[in-house]
Amino acid sequence: MELVNVIGPVASVVTVASFVPQVVKVWKSRSAKDLSYGMVGLLLLSGALWAAYGVLISATPVILTNVAVAVLNLAILTAKIKYRHG
């Protein structure tokens with residue numbers, strides 16, 4: 001197996017997994033007050049743009065990774081809005 005065929009999938013899993021602890025923390029604590037709307041919005045936009053790029057170049061791994069990243073950041077943004085007064 002070539003190194004390139006290992007690094008890409010591992011990087012994808014690590015990238016998506018890096019957002020999971022924050023999503024869990026925000027939803028369990030019902031607070032996202034320490035996270036800025038700007039950061040969450042930019043991460044959501046970044047994931048959406050990378051996914052669109054993946055579609056344009058027909059790169060399924062890029063699409064799947066970044067759709068997952070966008071969904072996780074959307075979950076954080078949703079919690080931030082939902083619990084903004086808490």
Side-chain angles (χ1 to χ4, degrees):
M1 180 177 277
E2 291 184 47
L3 188 58
V4 71
N5 293 327
V6 174
I7 290 177
V10 170
S12 293
V13 169
V14 171
T15 298
V16 173
S18 72
F19 290 94
V20 173
Q22 190 65 61
V23 172
V24 170
K25 182 177 188 283
V26 165
W27 282 93
K28 277 187 173 181
S29 69
R30 296 182 178 218
S31 174
K33 67 179 180 175
D34 293 332
L35 301 176
S36 72
Y37 281 106
M39 185 225 31
V40 176
L42 286 172
L43 286 170
L44 178 58
L45 179 61
S46 172
L49 289 172
W50 273 109
Y53 174 73
V55 169
L56 293 172
I57 65 168
S58 300
T60 302
V62 173
I63 298 166
L64 295 177
T65 298
N66 288 288
V67 165
V69 166
V71 167
L72 291 169
N73 278 291
L74 185 59
I76 292 170
L77 180 60
T78 300
K80 183 150 179 69
I81 293 167
K82 182 175 180 172
Y83 303 125
R84 70 181 170 268
H85 298 297

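Numbering starts at 1 and runs along the sequence shown.
Hydrophobic clustering (side-chain heavy atoms under 4.5 Å, transitive across Ile, Leu, Val, Met, Phe, Trp, Tyr) keeps Ile76 apart from Leu45. With hydrophobic clusters built from ILVMFWY side chains whose heavy atoms lie under 4.5 angstrom apart, Leu49 does not share a cluster with Val40. Clustering ILVMFWY residues whenever any of their side-chain heavy atoms sit less than 4.5 angstrom apart, transitively, puts Val14 in a cluster other than the one holding Ile7. Under the 4.5 Å side-chain contact rule for hydrophobic residues, Leu64 and Leu72 do not share a cluster. Val71 and Val13 are assigned to two separate hydrophobic clusters, defined by single-linkage of ILVMFWY side chains at heavy-atom distances under 4.5 Å.
Closest heavy-atom contact between Val26 and Ala32: CG1-CB, 3.8 Å. When every heavy atom of Ala48 is checked against every heavy atom of Ala70, the shortest pair comes out as N-CB, 4.1 Å. Contact between Asn66 and Ala51 at its shortest, heavy atoms only, is CB-N, 3.6 Å. Minimum heavy-atom separation, Leu35 to Gln22: CD1-NE2, 3.7 Å.
Each of Ile63, Val69, Thr65 was evaluated against Val67; a single residue qualifies, Ile63, per the side-chain contact (heavy atoms from CB on, under 4.5 Å) test.
Considering OG1 of Thr78 and OH of Tyr83, their distance stands at 10.0 Å, rounded to 0.5 Å.
Tyr53 OH: 12 or fewer foreign heavy atoms inside a 6.0 Å radius.
The side chain to side chain contact (heavy atoms under 4.5 Å, CB included) check on Leu43 picks up Phe19, Met39, Asn73, with sequence neighbours excluded.
Using a distance-only test at 3.5 Å, with no hydrogens or angles considered, no donor-acceptor pair links the side chain of Ser46 to the main chain of Leu42. Of the possible polar contacts, one joining the Trp27 side chain to the Ala75 backbone as a donor-acceptor pair under 3.5 Å is found. A donor-acceptor pair is defined here as one N or O able to donate and one able to accept, closer than 3.5 Å; such a pair exists between the side chain of Ser18 and the backbone of Thr15.
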